[in-house]
Amino acid sequence: MVTRKTDDEIARMRRAGQLLARLHDHLATLVAPGATTRQLEDAAQAFLADHGGRPSFPGPVAEGSGGVPAALGTSVDDAVVHGLPSQRPLVEGQVLTIDGGIMLDGVHSDAARTHVVGDGSVASAAIQRLLDGTRAALWAGIAACRVGNRVGDISAAVEAVATRHGLGVIADHDGHVLGGHGIGRSLHEDPHVPNRGRPGRGLRLKPGLVLAIEPMLTLGDPDWHVAEDGWTVRTVDGAIAAHEEHTVAVTEAGPVVLTAPPGEGSAAASGT
């Protein structure tokens, strides 16, 4: 069921989103060669304990959570999403996505950022194209979150940017789907927001709808599978993937990015 949020709920989701932005900023300072994703997980748990938030992810999907048994999804290289904490040290040049959700005052926020481990200058041209394309696809999807548009307009915007960058769009495969979603009192709510689609199709966007927009793109084939750990989603061909995500409120004035750090949300308002 699709639920539109009240002004109070959106205000609370903004507070949760801003706390999540601060968590991502904190974790970004810890991403370095030799660090482990277990250390990032522990840092996230400590940050939330200190700031009164609760991780959205742990627990089974049936309870409305993200279904990942950790506060973070930490996905390295060919891992797309739902990577589990590990003691394996990160290596310079690896691609790491940190995906996290916070529950605060009864509502959720959800956001992901992709990093290159170490000095950014080590990124190859292909990796830089992946990162730039994924971020551009995110903001194109956000710009389409306007009253009167449809979910398909978001999907088509994400897909068009990915195509221009020569990237594979990770979406449905073998009867399973990945993509964005509604969010509010539960982390995952209706509607599903695919990263591929046709404009003018799907649910019409109305004020009060809050969506997690999350392009997942790859340098190779978009087919994916769930690894033997039962959680981590990996590309079938081993190609490197990236994942960027924000929580966005649809308003009469345009999209409002609830998880953006100060100054980052201007691109959505201008439609860029």
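Starting from 1, each residue takes its place in the sequence as its number. The basis for the numbers below is simple: all heavy atoms, side chains too, and nothing from hydrogens, waters or symmetry mates.
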Looking only at heavy atoms, which two atoms of Ala126 and Leu219 are closest? And how far apart?
-> O-CD2, 3.4 Å
Sorted by first residue and then second, give each ring-ring contact (aromatic ring centres under 6.0 Å, His included) pair with at least one member in residues 146-169; sequence neighbours left out.
-> none
Minimum heavy-atom distance Thr114-Arg135, with the two atoms named | O-NH2, 2.8 Å
Examine distances only and state if a side-chain atom of Glu245 and a backbone atom of Arg113 form a donor-acceptor pair shorter than 3.5 Å.
-> no
Looking only at heavy atoms, the pair that brings Val250 and Arg146 closest together is CG1-C, 4.2 Å
Counting N and O atoms only, with roles assigned by atom type, does the side chain of Gln39 sit under 3.5 Å from a partner on the main chain of Leu30, one being a donor and the other an acceptor?
-> no
Scan side-chain atoms only and decide if Thr232 and His82 contain a donor-acceptor pair under the 3.5 Å cut-off.
-> no
Any side-chain heavy-atom pair from Leu90 and Thr37 closer than 4.5 angstrom?
-> yes
Arg12 side chain to Asp105 backbone, donor-acceptor under 3.5 Å = yes
Begin with the C-alpha distance, continue with both residues' side-chain angles, and end with the deciding distance and a verdict on side chain to side chain donor-acceptor pair (under 3.5 Å) for His246 and Glu264.
-> CA-CA 11 Å; His246 273 312; Glu264 189 183 317; 2.8 Å; yes
State plainly whether the residues Arg196 and Glu159 are in salt-bridge range, i.e. N to O under 4.0 Å.
-> no
Where at least one partner belongs to residues 210-236, residue pairs that pass salt bridge (Lys or Arg N to Asp or Glu O under 4.0 Å), sequence neighbours excluded = Asp78-Arg234
Least distance between heavy atoms, His192 atom then Val151 atom = O-CG1, 3.8 Å
Could you tell me whether the side chain of Thr259 and the main chain of Thr247 form a donor-acceptor pair under 3.5 Å?
-> yes
Please answer whether the main-chain N or O of Leu211 pairs with a side-chain N or O of His181 as donor and acceptor at a distance below 3.5 Å.
-> no
Looking only at atom types and distance, does a side-chain atom of Asp237 sit under 3.5 Å from a main-chain N or O of Gly220, one as donor and one as acceptor?
-> no
Are Glu189 and Lys5 ion-paired here, with the side-chain N under 4.0 Å from a carboxylate O?
-> yes
Please work out whether the ring planes of Phe47 and His26 are parallel, tilted or perpendicular, with thresholds of 30° and 60°.
-> parallel
So, Arg4 side chain and Leu209 main chain: donor-acceptor pair closer than 3.5 Å or not?
-> no
Taking everything shown except Arg14 itself, do over 12 heavy atoms lie less than 6.0 Å from its CZ?
-> no
Interatomic spacing from CD1 in Ile183 to OG in Ser56 - rounded to 0.5 Å = 6.5 Å
Within-4.5 Å side-chain heavy-atom neighbours: Arg185 and Glu9 = yes
Remaining members of hydrophobic cluster (4.5 Å side-chain criterion), Val91 = none
Only one of Ile170, Val158, Val161 forms a side-chain contact (heavy atoms from CB on, under 4.5 Å) with Pro215, so which one is it?
-> Val158
Check: Ile98 and Leu96 side chains under 4.5 Å, non-hydrogen atoms = yes
